[in-house]
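This is the structure, below, for whatever I ask next.
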Amino acid sequence: MEYNFRKIEADWQKYWAENQTFKAENPTLSGVEGNSIKPKYYVLDMFPYPSGAGLHVGHPLGYIASDIYARYKRHKGFNVLHPQGYDSFGLPAEQYAIQTGQHPAITTEANIKTYRKQLDQIGFSFDWSREVRTSDPNYYKWTQWIFIQLFNSWYNKESDKAEDISTLISIFSSEGNSKVKAACDHDIERFTAEEWKNFSEEKQQKILLQYRLTFLSETEVNWCPGLGTVLANDEIVNGVSERGGHQVIRKKMMQWSMRITAYAQRLLDGLAKIDWPQSLKDSQTYWIGRSEGAMVNFQILSPALSEGKGAKYMTGGNNSHILLEKAKEMRANPTQAEAILWEQIKSKKLGSKFRQQHLIEDFIADFVCLSKKLIIEVDGEIHESQVEKDAERTSILEDKGYKVIRFKNEEVIGDLESVLEKINYELSNVPLSLGEGLGERISVFTTRPDTIFGVSFMTLAPEHDLVPKITTPEQKAEVEAYIKSTAKRSELERMADVKTISGVFTGAYAEHPFTGKQLPIWIGDYVLAGYGTGAVMSVPCGDQRDYVFAKHFNLEIPNIFEGVDISEEAYADKENSVIANSDFLNGLPYKKAMKRIIFEIEQQGFGYGKVNYRLRDAVFSRQRYWGEPFPVYYKNGLPQMIDPQYLPIVLPEVEKYLPTEDGKPPLGNATVWSWDTNTNKIVSNDLMDHKTVFPLELNTMPGWAGSSSYFNRYMDVNNPNEFVSKEAVEYWQDVDLYIGGSEHATGHLLYSRFWQKFLFDKGVVPVDEYAKKLINQGMILGTSAFVYRWEFKKGKDSEFAKKTIFVSKSVMDRIIKERSAIEHTEKQLLEQDHINLLSACEVKNTIENEWSNFTPIHVDVSFVNTHDELDVEAFRNWREEYKNAVFIGESGEIISSTHSKGDGVELDKKALSFGENLGGDKYIVGREVEKMSKSKYNVVNPDQICEEYGADSLRMFEMFLGPLEQAKPWKTSGISGVLSFLKKLWKLYVVEGKFYVSDETPTKEEYKVLHKTIKKVEEDIESFSFNTSVSTFMIAVNELTALKCNKRSILEPLAVILEPYAPHISEELWKNLGHTTSISTVDFPLFEAKYLVESSKEYPVSFNGKMRFKVELPLGLSAKEIEDVVMAHEKTKEQLQGRTPKKVIIVPGKIVNIVG
RNA sequence: GCCUCGGUGGCGGAAUUGGUAGACGCGCUGGAUUCAAAAUCCAGUAAUCGCAAGGUUGUGUGGGUUCGAUUCCCACCCGAGGUACCA
């Protein structure tokens, strides 16, 4: 009775499928289906994208680990949920559709079939009744549903959670928006409740869009022309697309975004309560990028003033309280004309911000637009008698660089339209030379406000909005040239070239808020437009980048640190810094200085303490076909959600999967893609009438949409009415163990945490972190094989050089090393009859000149056996160009050569069998560990392994390779070890060719082996140390074999503890032991410590820490007794040679160490 | 540069709290079985000196703590992954 794994595995896979052995019990109103109410355990794998290439041996690694754990938990009495599905929307199927016209759904379906077959072969205990596919309308219906929930929500910072948009609307209509603390777009206009109610429906919707958790906005995105789509940051690697390596450029587009930034702090805080790998938490922490500091505003100074007598504020500033009071009063009591005009120009209605009754020096201007330096005066009766005074006032203001225009009261009241026209004209015609932007401020974010007295200049990103406004005429040409040159430099170049310092002076100055000192404003590309405000206060003594910039451009480097030398580099160590030369901060250490300066900044009103995040809102639109359609149509250009009762909105059919000619996404090709609000159905575009039929959204959702909450759907996968029922989610709660790759650290694993928190806020799920424990399985690397082509540069034209010659690994090494080896090979070459076409002279010259030039060429690992020998014929037949290649084997002999057709081949075969070399010479390939990939021909397929060694061998071997989380190379040769282990195990249950176990009582030794194994395996599984438990099984089987153990009381529990690892053989053994049900739910055998109690211990005796010999001593001896026995031992005397030991250390039960 | 993890025989890797370094497997060597091969079984296998008994060295490098260090501390070297001018 042999161990026939092929039959056993096929039989049991069939049995499991037919009996639904691994179906998780469902909760019902009364508890749990089935007979027992068991505690739940949820083991989840990251579901795969079903690619056309199928699985290689690296893919199932994590699945095997989670399967072992799931099976173990079933033995431990848990109701285990262990589902699997497919992340089946994605680019490859779409690319294939573009190339071949085959619908991605067909490609996907075929790939899933292959995957399923491959997965089934490995014997996973998945509950396939809960399978999900993200591309299945019944599944993406709920992805669309979640999108609608996000759209209908806003983030209330006060309650620190997402709330229904209706609560926001009611706040707006009761008190306007000035008091609302929400995560929203910045620069939202302020309005009162009254104003809100008077806004048009359209305007209200536009405002709400700025608050929703998913929103439409013009965003600068990573546009990839090669793929015709937008990419997320994590889809870009080194400035090119992760898939295909296409160029990526920045482009502004109308896009759906997810307001993940609202959850930045909670995503950070949540990390503390989940057991995820530290490195992954670190990645997320860095990605969210919280930094504490302050926003500080720096006033920009007039270039004219700063050249001369010293700086002054252009607005506000030095004005007396009396004037400020007066301005306030005038603002409160506008004239009729002023009120009418204000209504038209306030809130940026003309595109520029105006201030009312604003102080300019010692004048109160009626209306002023600071950025355009335009003053509007409305002359009422008060001014009529003061024409002269007004003229003087105008001339002073014009001196300051303002343009002053005046209107009479009657003009404003009578002909408002032409007044506005005139203002508009002036706004659009402000000459640059006037020094636009005066009175503007530069806002900067800094994490080191404590170093503010060390600021010696400001630096703006070249793309900063203020740059064109503040640049002086003299600097204009230089600045524009610089902006042009940096814009041209691609992201990639900028990254590769961090060292080059570049920048340009704008000619403008800012004022230091504390010292009043003038700070030159520079632009430099080391300041990034996308982070913070795109501007920095430069503190060269405290920041290395500012330091090198200052050095390079010869800017001042004031030192504000106590006792620190900054002549070589900046001092960035904040923890140990003590501030000096900084007025009220002098002598303060970092933390105290921070507190004090933020207090001062807030007191004086030019800034505030702020927490900044690096995390950006996530763009959610993709210009692709094969993704979830949005449940959105557009009415008057505004997005409308489709009522959830009409979901799913099913992906339409299209002629072509490419973008349309006019640049619309692929869905633009669909002819039936409009929404009829009458019938609530998708209808043909021809019916579009703008009354009841509207265009549907043409973008689709990104790859991560479908994977962001799939783990919740598994809990209640076939529920047509709810995403997940209350009772299902209350029972299953969350994932207990999640296994998958670390490459999703800042993508899927962050987005899904975000959605979970949102669904938690909405009361859909009961916990706000969905996975208690996560393990990243390491990658299995391929072992590539190489042949070495011996190349001749100089003798290129010779017959010899035209031949393709491959030398075996060590021959190459020898040739490179020793001259004599070459000569031998040379001789061989010459002696061989069929190389007589080359002259001795040729060979000699070639070898002498170019003897060490070898090119490694990847060879398919399937042509190589476990001894690294190449199947030369298979390799020859692989590629036409290698047909006639010459192979030089390990000993330097030519293996064979099919140099000519017909007879030649025959001759070669003869030579192989009867020649001197008799097939003794082998071609040995070179080996190198690389990532497993098709292009490297090092992919090993699990199907082949299952066929040759069996699924149980594959499972055990993958675990045996090394620690789960570590990357490790695959070497098929090792698998024979686990196969012979399984055969050996099988033999324990077989006597004289028949299955037989005896019912005798086991011996002490046999019990000891069993319980030692139970203990170790249990500990190993609990600590996910699967590789060591495979060794443990091997030791157990070796020991039981040595004991000739054939007893049921040992072999039955052994089969149970092995089941998680090798389920097929365990089931078969279990059946043969006389059981009629599956082994999978049998209780895990109980470890009993009594079997491991020892009566004696073999003490290692060390001298000065080095083990010399061992003594067997009964346990329970006291230290003194041990010492007496050991000291009396003759080997001790031998070691000591009569010396008296200085000290004797006895650790009872462990070790004896004698110090001499 | 920064962050994280790692570095142990020919190879993958063990060593649970500071206590016998190299478990287990592969490979290799020798032997048994066989007409032969496969399969199976037995023995050996860190390096080095030695016929042997036995000695010496040895967990990336250098130092330290300790009776004792692969394990703890300091400095450095190398490798893998992540990240990148984040103010």
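Letters A, B, ... are given to chains in the order of the sequence lines, protein chains preceding strands, and every chain is numbered from 1. The shown structure was predicted, so the numbers you read here are calculated from the model rather than taken from an experiment.
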ask   = In whole Å, what separates the C1' atom of B:U70 from that of B:G22?
value =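 Approximately 11 Å lies between the C1' atom of B:U70 and that of B:G22.
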
query = Is the closest side-chain donor-acceptor distance between A:K931 and A:N938 under 3.5 Å?
reply =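 Note: A:K931 and A:N938 side chains miss the donor-acceptor criterion.
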
ask   = Is A:P277 touching bases, backbone alone, or none of the nucleic acid, heavy atoms closer than 4.0 Å?
value =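 Answer is nothing: A:P277 stays at 4.0 Å or more from every strand.
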
message = Just checking A:F298 against A:F606, ring centres under 6.0 Å apart?
response =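 No, too far apart.
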
A:Y526 and A:D546 side chains, donor-acceptor separation under 3.5 Å =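 The criterion, which ignores hydrogens and geometry beyond distance, is satisfied for A:Y526 and A:D546.
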
task = Using whole Å, report how far CE of A:M1107 lies from C1' of B:C67.
result =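 Answer to the nearest Å: 17 Å.
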
ask   = With a 4.0 Å cut-off on heavy atoms, is A:L961 in touch with a base, just the backbone sugar-phosphate, or nothing at all?
value =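 The answer is sugar-phosphate, as A:L961 gets under 4.0 Å only of primed atoms, P, OP1 or OP2.
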
ask   = Does B:G25 have OP1 or OP2 sitting under 4.0 Å from an N or O in the side chain of A:N1038?
value =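 Yes, because at least one side-chain N or O of A:N1038 sits under 4.0 Å from OP1 or OP2 of B:G25.
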
task = Could you check how far CG of A:N1104 sits from P of B:U66, rounded to whole Å?
result =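 Rounding to the nearest Å, CG of A:N1104 and P of B:U66 are 15 Å apart.
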
key: Short side-chain N/O contact to B:U56 OP1/OP2 from A:R1108, under 4.0 Å   =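 Yes.
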
request  = Name the nucleic acid region contacted by A:N1027, choosing base, sugar-phosphate or nothing; use a 4.0 angstrom heavy-atom cut-off, strictly under.
outcome  =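 Sugar-phosphate contact only.
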
key: Exercise: do A:Y531 and A:S291 side chains pair donor with acceptor under 3.5 Å   =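 Distance-only check passes for A:Y531 and A:S291.
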
request  = For A:D543, answer base if it contacts any base atom (sugar-phosphate contacts may also be present), sugar-phosphate if it contacts only those atoms, and nothing otherwise; contact means non-hydrogen atoms under 4.0 Å.
outcome  =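 Since no nucleic acid heavy atom lies under 4.0 Å of A:D543, the category is nothing.
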
task = Report which part of the nucleic acid A:V1155 touches: base, sugar-phosphate, or nothing (heavy-atom distance under 4.0 Å, all strands).
result =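 Counting heavy atoms under 4.0 Å across all strands, the contact made by A:V1155 is with sugar-phosphate only.
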
query = With a 4.0 Å cut-off on heavy atoms, is A:S1031 in touch with a base, just the backbone sugar-phosphate, or nothing at all?
reply =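 Here A:S1031 touches the bases of the nucleic acid.
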
query = What about the rings of A:W986 and A:F5, do their centers lie closer together than 6.0 Å?
reply =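 Aromatic pair excluded; centres sit 6.0 Å or further apart.
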
ask   = Under a 90° cut-off about 0 for the syn range, is B:G10 syn or anti?
value =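 Glycosidic conformation of B:G10: anti.
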
task = Indicate, with a heavy-atom threshold strictly under 4.0 Å, whether A:K1142 touches base, sugar-phosphate, or nothing.
result =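 Answer is nothing: A:K1142 stays at 4.0 Å or more from every strand.
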
request  = To the nearest Å, give me how far apart CG (A:D525) and P (B:C85) are.
outcome  =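 After rounding, the gap between these two atoms is 11 Å.
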
inquiry  = Roughly how many Å apart are B:A47 and B:G10, using the P atom of each and rounding to a whole number?
reply    =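 The answer is 7 Å between these two P atoms.
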
P spacing across the pair B:U71 / B:U59, given as an integer number of angstrom =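 Each nucleotide's P atom is 9 Å from the other's.
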
inquiry  = So if I take every side-chain heavy atom of A:K1106 and compare against B:U57, B:A15, B:A87, which nucleotide ends up nearest?
reply    =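 Of all the options, the side chain of A:K1106 is nearest to B:U57.
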
ask   = When you compare B:G60 with B:U56, how far apart are their P atoms, in angstrom units rounded to a whole number?
value =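 Straight-line distance between the two P atoms is 22 Å.
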
Among B:A87, B:U16, B:G19, the nucleotide that comes nearest once only the side chain of A:V1147 is considered =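 Nearest to the side chain of A:V1147 among the choices is B:G19.
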
ask   = Just how far, in rounded Å, is C1' of B:C11 from CZ of A:F957?
value =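 It works out to 11 Å between those atoms.
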
request  = Report which part of the nucleic acid A:S1102 touches: base, sugar-phosphate, or nothing (heavy-atom distance under 4.0 Å, all strands).
outcome  =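 Nothing, no nucleic acid heavy atom in range.
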
key: Nearest-angstrom distance, P atom, B:U16 to B:A21   =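 The answer is 14 Å between these two P atoms.
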
task = Sort out the partner of B:G79 for me: Watson-Crick or G-U wobble, both distances under 3.5 Å, none otherwise.
result =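 Partner of B:G79: B:C5.
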
task = For A:Y286, report the nucleic acid contact type (base, sugar-phosphate, nothing); a contact means any heavy atom under 4.0 Å.
result =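 If one applies the 4.0 Å heavy-atom cut-off, A:Y286 turns out to touch the sugar-phosphate alone, with no base involved.
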
inquiry  = I want to confirm an ordering. Mapping A:K1143 and A:K971 to their closest nucleotides on RNA chain B, which one lands closer to the 5' end?
reply    =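 Closest to the 5' end, via its nearest nucleotide, is A:K971.
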
task = Using the P atom on both, measure B:G25 against B:C77 and round to a whole Å.
result =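 It works out to 40 Å between them.
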
task = Ignoring backbone atoms, test whether A:R545 places a side-chain nitrogen or oxygen under 4.0 Å from the OP1 or OP2 oxygen of B:G1.
result =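 Checking A:R545 against B:G1: no side-chain N or O falls below 4.0 Å of OP1 or OP2.
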
Donor-acceptor pair between A:T1032 and A:S1029 side chains, under 3.5 angstrom =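 Their side chains do not contain a donor-acceptor pair, so the 3.5 Å distance test is not met.
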
inquiry  = From the set B:A84, B:G12, B:A87, return the single nucleotide nearest to any side-chain atom of A:F960.
reply    =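 Selected nucleotide (nearest to the side chain): B:G12.
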
ask   = Any side-chain N or O of A:Q966 under 4.0 Å from OP1/OP2 of B:G13?
value =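 Affirmative; the distance criterion is met.
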
Which nucleotide in B:A84, B:A87, B:U40 has an atom nearest any side-chain atom of A:K983 =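 So the nucleotide nearest the side chain must be B:U40.
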
request  = Name the residue closer to the 5' end of RNA chain B, choosing between A:K1015 and A:I1145 according to the nucleotide with the nearest heavy atom.
outcome  =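 Nearest nucleotide further toward 5': that of A:K1015.
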
message = For B:U17, give the paired nucleotide (Watson-Crick: N1-N3 plus N6-O4 or O6-N4; G-U: N1-O2 and O6-N3; both under 3.5 Å), or none.
response =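 Base partner found: none.
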
inquiry  = Using the rule given for ring pair (Phe, Tyr, Trp, His ring centres under 6.0 Å), can you reason through A:F960 versus A:F1026, listing the C-alpha separation, both sets of side-chain angles and the distance that settles it, and then say yes or no?
reply    = CA-CA 7 Å; A:F960 190 51; A:F1026 302 113; over 10 Å; no

Partner nucleotide, any strand, of B:C28 [Watson-Crick/G-U, under 3.5 Å] =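 Pairing partner: B:G44.
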
request  = Could you please name the option among B:G68, B:U40, B:U20 that lies closest to any side-chain atom of A:S980?
outcome  =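 The answer is B:U40.
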
request  = Choose from B:U20, B:U40, B:C86 the nucleotide whose nearest atom is closest to any side-chain atom of A:P1100.
outcome  =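 Per side-chain heavy atoms of A:P1100, the pick is B:U20.
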
key: Distance, P atom - from B:G68 to B:C49, rounded to whole angstrom   =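 Result for the P pair: 30 Å, nearest Å.
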
inquiry  = Under 4.0 Å, heavy atoms only, any strand: does A:D546 hit a base, just the sugar-phosphate, or nothing?
reply    =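 Here A:D546 touches no strand at all.
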
message = A quick test of your reading: do over 12 heavy atoms of other residues, nucleotides or ligands sit less than 6.0 Å from CD of A:E568?
response =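 For A:E568, atom CD is not crowded (no more than 12 foreign heavy atoms under 6.0 Å).
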
query = For the atom pair CZ (A:F1033) and OG1 (A:T1013), what is the distance rounded to the nearest 0.5 Å?
reply =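 With rounding to 0.5 Å, CZ (A:F1033) is 8.0 Å from OG1 (A:T1013).
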
key: Out of B:A84, B:U20, B:G27, whichever nucleotide has its closest atom nearest the side chain of A:S976   =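 The answer is B:G27.
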
Complementary nucleotide for B:U33 - Watson-Crick or wobble, under 3.5 Å =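 Per the H-bond distance test, none.
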
request  = Find the distance A:N1153:CG to B:U20:C1' and express it as a whole number of Å.
outcome  =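 The distance from CG of A:N1153 to C1' of B:U20 comes to 11 Å, rounded to the nearest Å.
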
task = Write down the partner of B:A39 under the Watson-Crick or G-U wobble criteria, each distance required to be under 3.5 Å.
result =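 In the structure as shown, B:A39 has no Watson-Crick or wobble partner.
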
inquiry  = With a 3.5 Å limit on both atom pairs, tell me what B:C51 is paired to, counting Watson-Crick and G-U wobble, or say none.
reply    =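 Per the H-bond distance test, none.
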
query = How far, in whole Å, is B:U29 from B:A80 if one measures between their P atoms?
reply =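 Taking atom P in both B:A80 and B:U29, they lie 33 Å apart.
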
Pairing partner of B:U59 (Watson-Crick or G-U wobble, both distances under 3.5 Å) =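 Looking at the geometry, B:U59 pairs with no nucleotide.
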
